[in-house]
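Only one structure is covered here, and it is reproduced in the block below.
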Amino acid sequence: MAHDHAAPSHDHGHHHHDHGHGHDHGLGGHHHHAPKDFGRAFAVGVILNTGFVAAEVAAGLWFGSLALLADAGHNLSDVMSLLLAWGAASLAKRQPSGRRTYGLRKATILASLANAILLLVAVGAIVSEAVRRIADPAEVAAAPVMIVAAIGVVINTATALMFMGGAKGDLNVRGAFLHMAADAAVSLAVVIGAGVIALTSLYWLDPALSLLIVAVILIGTWGLLRDSVDLALDAAPRGVDVEAVRAWLHALPGVSGVHDLHIWAMSTTETALTAHITRPENTESDAFLHAACEGLQAQFGIGHATLQVEMDEAAHCRLAPAEVV
């Protein structure tokens, strides 16, 4: 997985030498300001979609459409993910206390992990039924199915638009936005499928369509699962190139070495870094630290940096060897 960011990062590394710290805000700065509050969007999204899922399940059972049930499964998974994301977003705002010195920020990562696992379970149930139905197609009332799915297109498009603004910065809001956009597309596919069934009476299209929806759910969930597992294992977030950060720190004035560099996600939106920096002539030490931390925020969107400066190159730091974490 490491390779996909390798290429662009090199030029990224070089232009840090000649600019000073402040003006490159465009790179990491713009999508890391305080997360916009999506509480209202979450509430409206959850209420609308819960009502719609109930209607879709009823219609799917009544009119014999597995594609509608699959779509309901897809929508339900999104209601769950909205609830998880909403809960996680409000937990992340809680103050640190006692032993939880990071507050409950990591809850956002656990929520997206739980959400991904949940989706995979829903998918299993739909697949087994679809395979049975393709072998033995049942009749489907196409017109009502079209109408119900069309309502889904409207609801999901409206909900997706509410989350559009925050989709860049936060994994949870991005998840909510992508889910809703995918939902709109999936409901549209059900509308088209029902239209074709109405014209041709090819009833096997219905379970076939439900398998297609399952594929959409799986593709969406796979990326979410991978990113969530990475963050839960304290990997550097996807947008941060660790070697570029190391090179940038090394290029700061007076720095002769960088070791014990760690970058991890405190939540789905906040990134932390710790590093030991060797700087033999540690002049203006406070100004140097402030400039370094501001630069890390501006260049890489790393807002929570802790740097330890060591002046004596001869006295080896016990954390210096690469294999010591």
hydrophobic_cluster_shared for L211 and L218, side chain cutoff 4.5 Å: yes
Would you kindly confirm whether Y102 and L273 end up in one hydrophobic cluster when ILVMFWY residues are joined by side chain heavy atoms under 4.5 Å apart? no
How many angstroms lie between CD in Q308 and OG1 in T278, if you round to the nearest 0.5 Å? 9.5 Å
What verdict does the side chain to side chain contact (heavy atoms under 4.5 Å, CB included) test give for R133 and D206, after you've listed the backbone C-alpha separation in whole Å, the side-chain angles of each residue and the deciding distance to 0.1 Å? CA-CA 9 Å; R133 289 273 290 270; D206 185 73; 3.8 Å; yes
When every non-hydrogen atom of M266 is compared with those of A272, the smallest separation belongs to CG-CB, 3.7 Å
Any donor and acceptor pair, going by atom type alone, linking the side chain of R279 with main-chain N or O of S285 inside 3.5 Å? no
Test side chain to side chain contact (heavy atoms under 4.5 Å, CB included) on E56 and D71; report intermediate values, then the result. CA-CA 8 Å; E56 224 174 3; D71 195 30; 2.5 Å; yes
Flag the pair H259 / E310 as yes when at least one side-chain heavy-atom distance between them is below 4.5 Å, and no otherwise. yes
Let me see the working for L48 and N156 under side chain to side chain contact (heavy atoms under 4.5 Å, CB included), right down to the final yes or no. CA-CA 9 Å; L48 274 178; N156 288 315; over 6 Å; no
Under a 4.5 Å cut-off applied to non-hydrogen side-chain atoms, are V44 and T159 in contact? no
Can you tell me how far OG of S228 sits from CG of L233, rounded to the nearest 0.5 angstrom? 10.5 Å
Sub-4.5 Å side-chain heavy-atom contact between E284 and H290: no
Would you compute the distance between atom CG of L252 and atom CD1 of I277 and round it to the nearest 0.5 angstrom? 6.0 Å
Heavy-atom nearest pair, A305 first then L296, reads CB-CD1, 3.7 Å
Roughly how far apart are F52 CZ and D183 CG, rounded to 0.5 Å? 9.0 Å
How many angstroms lie between atom CZ of R238 and atom CG of D230, to the nearest 0.5 angstrom? 6.5 Å
Would a 4.5 Å heavy-atom cut-off, applied to side chains only, mark H276 and V258 as touching? no
May I ask you to test the H262-W264 pair for a side-chain heavy-atom distance under 4.5 Å? yes
According to a 4.5 Å side-chain heavy-atom criterion applied to Ile, Leu, Val, Met, Phe, Trp and Tyr, with indirect links allowed, do L113 and W222 form part of one hydrophobic cluster? yes
How long is the straight-line distance from CZ of R246 back to CG of D241, given to the nearest 0.5 Å? 10.5 Å
Is there a side-chain contact between N75 and T50, using heavy atoms and a 4.5 Å cut-off? no
Is any side-chain heavy atom of L202 closer than 4.5 Å to a side-chain heavy atom of I197? no
Could you tell me whether K106 and D234 have a side-chain N and a carboxylate O separated by less than 4.0 Å? yes
Give the minimum heavy-atom separation between I213 and A67, together with the two atoms involved. CD1-O, 3.7 Å
Where A130 and S210 come nearest, the two heavy atoms and their spacing: CB-OG, 3.4 Å
Are W62 and I151 co-members of a hydrophobic cluster defined by side-chain heavy atoms under 4.5 Å apart? yes
Check whether any side-chain heavy atom of I302 sits under 4.5 Å from a side-chain heavy atom of V245, and report yes or no. yes
L161, I47: one ILVMFWY side-chain cluster at the under-4.5 Å cut-off? no
What one should report as the nearest heavy-atom pair of P237 and I263 is CD-CG2, 4.3 Å
Which atom pair, heavy atoms only, marks the closest approach of L209 to A189? CD2-O, 3.5 Å
Hey, mind stepping through D260 and C317 against side chain to side chain contact (heavy atoms under 4.5 Å, CB included) and telling me if it holds? CA-CA 9 Å; D260 199 37; C317 169; 6.0 Å; no
